[in-house]
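Working notes for the structure below.
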Amino acid sequence: MKVAEVFYSIQGEGKLMGVPSVFVRVSGCNLRCVWCDTPYASWQPEGEDRPLEWIVEQVRQYPARHVVLTGGEPMIMPEIGSLCSRLKSQGYHLTMETAATVYQPVEIDLASLSPKLANSTPWEKEGGRFASAHEKNRLNVPVIQRFIDQSPEIQLKFVIARPDDMEEIQSLLSQLTGWSASDVLLMPEGTDAQTLRTRALWISDLCRQTGYRYCPRLHVELYGNRRGV
Ligand code: SF4
């Protein structure tokens, strides 16, 4: 499996924010979000092909019991199910971070689903060469529903760039069942402290109106927009 990095940090986003975790970042993605904060795992995928044993050994070097599988898009990796099973057999708590466009059975504890909104489509970037494919593939309602139905726990994490993104979120949620307001997280798009702070104000207003949760990006606040943190 192509791996961009394995590192130990604290979970900066979502229901497990603050929990020390090992992050396994696979390299390669079927989407091309214009604001992707890990382009080295999507637009220009870096890293080397690694055997599953190597990945498990890297994880075992750290004292954490929580592992986050992230990317890129882990769910497009043919061996992701085997990796999850190996890590689960060693007692790890697994979070799967995915855009939820592709499903395969995986043994996990938390499905962190991050469906991509229209604000993610790269109409201008690189002459728009990925825009049509991204637009066609970014939302897959049956796959999101399958994750909700098959996972022990879920969160639905939306990256918000403008207030009218809420319309698309509400429309998507109305097509899904089996979630509650406390599963829905609204996270500001941005990788610098000033943008995050400005957006936090109107996003927290939206949370008050809807009952959804505000989702900070703690790792960016603590360490800045850097790799391996
Ligand atoms: S789905 Fe995630 S990794 Fe892929 S391009 Fe979008 S933000 Fe980047």
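Note that the structure is predicted; figures quoted are calculated from it, not measured. Each ligand, and each atom within it, is numbered from 1 in the order the structure gives.
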Quick one: which ligand 1 atoms are inside 4.0 Å of a heavy atom on Ser42?
5 (S), 8 (Fe)

Within the 4.0 Å heavy-atom shell around Leu31, which atoms of ligand 1 are there?
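What qualifies from ligand 1 is 5 (S).
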
Among all protein heavy atoms, pick the one closest to [atom] and tell me residue, atom and distance.
atom	value
atom 4 (Fe) of ligand 1	Cys29 SG, 2.4 Å
atom 8 (Fe) of ligand 1	Cys36 SG, 2.3 Å
atom 2 (Fe) of ligand 1	Lys116 CE, 4.1 Å

Is it the case that the side chain of Thr38 and the backbone of Tyr40 share a donor-acceptor pair, with hydrogens and angles ignored and the cut-off at 3.5 Å?
no

Is the backbone N or O of Ala161 less than 3.5 Å from a side-chain atom of Trp35, with the two atoms forming a donor-acceptor pair by type?
no

Cluster overlap Phe7 with Val24, hydrophobic side-chain contacts below 4.5 Å:
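Different clusters: Phe7 never reaches Val24 through Ile, Leu, Val, Met, Phe, Trp or Tyr contacts under 4.5 Å.
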
Between Tyr92 and Arg65, is there a cation-pi geometry (under 6.0 Å to ring centre, at most 45° from the normal)?
yes

Are Gly72 and ligand 1 in contact, using a heavy-atom cut-off of under 4.0 Å?
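Per 4.0 Å heavy-atom rule, Gly72 contacts ligand 1.
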
Looking only at heavy atoms, what is the nearest atom pair of Ser21 and Ala64, with distance?
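That closest heavy-atom pairing would be CA-CB, 4.1 Å.
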
Minimum heavy-atom separation for Met96 and Cys84, please, with both atom names.
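Smallest heavy-atom distance, with atoms named: CE-SG, 3.8 Å.
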
Heteroatom test (N, O or S) for Cys33 near atom 6 (Fe) of ligand 1, limit 2.8 Å
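So Cys33 does bind atom 6 (Fe) of ligand 1 by this criterion.
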
